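Quantities reported herein were computed from a predicted structural model and do not represent experimental measurements.
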Amino acid sequence: MDKPDAAPASSSSPISGAQSYSLTDVQRAELVTKAEAGDAEAAFRLSLYYTFASSDEAQRTRWLTVAAKAGHVVAQHNLAYDLYMSGKDLAEAAHWAAESSKNGNSEAGDLLKEIEAARAKARGSRP
């Protein structure tokens, strides 16, 4: 089954994971326009492109944040996870895990517990 928003793939070779998230320049521009207008799904799709097809961490985080702020539940969870795993901002990670959980993502509650435990441990290790 072809994805209507995916770039065309050669019929002579199998499609890789990265190819399934590939976008043409036109598709990417259209998604940027939609995402900047508040379309959470378009922003999330861009985050997937920059994760799997382009491997651009800064753009991935940018669009994941836009999608999370627009209410995309999976983006909220993924952003929380990224922030937690990087150790950059556990308070922000907790915020996004709580948002995702509040919006119905059952896995986000477990992630929030892990983040809160890490925050407590970090507070306890300070002199």
Taking the side chain as everything from C-beta on, heavy atoms only, tell me whether [X] gets closer than 4.5 Å to [Y].
| X | Y | value |
| --- | --- | --- |
| Arg119 | Tyr84 | no |
| Leu83 | Ile115 | no |
| Lys113 | Asp110 | yes |
| Leu111 | Tyr81 | yes |
| Asp56 | Tyr49 | no |

Closest contact, heavy atoms only, [X] versus [Y]:
| X | Y | value |
| --- | --- | --- |
| Ala70 | Ala40 | CB-CB, 3.6 Å |
| Ala35 | Ala42 | N-CB, 3.8 Å |
| Ala75 | Ala67 | CB-CB, 3.6 Å |

Going from [atom1] on [X] to [atom2] on [Y], what distance comes out if it is rounded to the nearest 0.5 angstrom?
| X | Y | atom1 | atom2 | result |
| --- | --- | --- | --- | --- |
| Phe44 | Leu79 | CZ | CG | 11.0 Å |
| Leu112 | Glu107 | CG | CD | 13.5 Å |
| Thr24 | Leu31 | OG1 | CG | 9.0 Å |
| Leu46 | Glu30 | CG | CD | 11.0 Å |

> After noting the C-alpha distance and the side-chain angles of Asn105 and Gln76, does the key distance pass the side-chain hydrogen bond (donor to acceptor under 3.5 Å, both in side chains) rule?
Replying inline: CA-CA 9 Å; Asn105 184 345; Gln76 292 168 340; over 6 Å; no

> Would you say the side-chain atoms of Thr61 pair up with the backbone N or O of Glu57, donor to acceptor, closer than 3.5 Å?
Replying inline: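 Side chain of Thr61 to backbone of Glu57: a pair is present.
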
>> Treating Arg45 as the side-chain partner and Tyr21 as the backbone partner, does any N or O pair qualify as donor plus acceptor under 3.5 Å?
In response: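 Confirmed, Arg45 side chain pairs with Tyr21 backbone.
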
>> Under the side chain to side chain contact (heavy atoms under 4.5 Å, CB included) test against Ser47, which residue among Val66, Thr65, Leu64 passes?
In response: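 Only one option passes, and that is Leu64.
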
> Would you call Glu99 and Lys102 a salt bridge, using N to O less than 4.0 angstrom?
Replying inline: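 A salt bridge is present here (some side-chain N lies under 4.0 Å from a carboxylate O).
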
> Between Arg62 and Glu36, is the closest basic N to carboxylate O distance under 4.0 Å?
Replying inline: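 Between Arg62 and Glu36 there is a salt bridge, with a charged N closer than 4.0 Å to a carboxylate O.
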
>> Test side chain to side chain contact (heavy atoms under 4.5 Å, CB included) on Val32 and Trp63; report intermediate values, then the result.
In response: CA-CA 9 Å; Val32 166; Trp63 293 112; 4.0 Å; yes

